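What follows is a set of notes on a single structure, which appears directly below.
Source: prediction; values computed, not measured. Counting starts at 1 for both ligands and their atoms, in listed order.
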Amino acid sequence: MTKRTITCIICPRGCSVDVEINGEDISVSGNSCPRGEKYALDECTHPMRTVTSTVRVSNREDTMVSVKTADPIPKENIRDIMDMIHKTEIKAPVRIGDRIISDICGTNVVATKSID
Ligand code: SF4
């Protein structure tokens with residue numbers, strides 16, 4: 001049996017949610033609402049993360065543009081996406097929401113800042 005305690009981050013209440021996994025049997029307790037149960041189950045079975053980083057702007061001196069994944073990605077793919085982000089350079093101008101990297105780990109990487 002595996003036991004984990006997860007702090008739910010869905011709302012500011014921050015419930016401490018206990019998850020017990022025994023083969024196919026999974027029990028969740030300590031959550032104050034169903035969203036906490038889903039969050040804790042997802043964290044234990046397929047954790048997802050939104051990745052944030054920066055990409056170099058090649059035609060502006062010492063300039064980086066902040067980026068993020070448009071959707072959460074599986075936690076085990078973070079290294080792959082960070083490697084691709086670090087290899088990427090773009091040219092200004094760039095607008096918030098512009099697609100910087102397409103179709104990576106089931107999502108896109110988009111700009112979160114505009115640079116003229
Ligand atoms: S379990 Fe519900 S009430 Fe508790 S932190 Fe999560 S979302 Fe908020």
[X] heavy atoms, cut-off 4.0 Å: which ligand 1 atoms fall inside?
X: I10; value: 7 (S)
X: G14; value: 5 (S)
X: G36; value: 1 (S), 6 (Fe)

How far is [atom] from its nearest protein heavy atom, and which residue and atom name does that atom have?
atom: atom 2 (Fe) of ligand 1; value: C33 SG, 2.3 Å
atom: atom 6 (Fe) of ligand 1; value: C8 SG, 2.3 Å
atom: atom 8 (Fe) of ligand 1; value: C11 SG, 2.3 Å

Single hit among R49, K75, K38 for salt bridge (charged side-chain N to carboxylate O under 4.0 Å, His left out) with E43: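 For E43, the salt bridge (charged side-chain N to carboxylate O under 4.0 Å, His left out) check succeeds only for R49.
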Report the C-alpha separation of V110 and K68 in whole Å, then their side-chain angles, then the decisive distance to 0.1 Å, and conclude whether the side chain to side chain contact (heavy atoms under 4.5 Å, CB included) test is met. CA-CA 6 Å; V110 298; K68 72 175 189 77; 4.3 Å; yes
Start with the C-alpha gap between D116 and R95, add the side-chain angles, then the distance that decides, and say whether side chain to side chain contact (heavy atoms under 4.5 Å, CB included) holds. CA-CA 8 Å; D116 293 326; R95 292 282 159 256; 2.6 Å; yes
Just by distance, with hydrogens left out, do S66 and T112 show a side-chain donor and acceptor under 3.5 Å apart?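 On atom types as modelled, these side chains qualify, holding a pair under 3.5 Å.
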Could you check whether atom CD1 of I78 has more than 12 heavy atoms from other residues, nucleotides or ligands sitting under 6.0 Å from it?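 Enclosed.
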In the structure I gave you, are the side-chain heavy atoms of I6 and C44 within less than 4.5 Å of one another anywhere?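 Yes, their side chains come closer than 4.5 Å.
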Metal proximity, C15 vs atom 6 (Fe) of ligand 1, N/O/S cut-off 2.8 Å: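 No N, O or S atom of C15 is closer than 2.8 Å to atom 6 (Fe) of ligand 1, so no.
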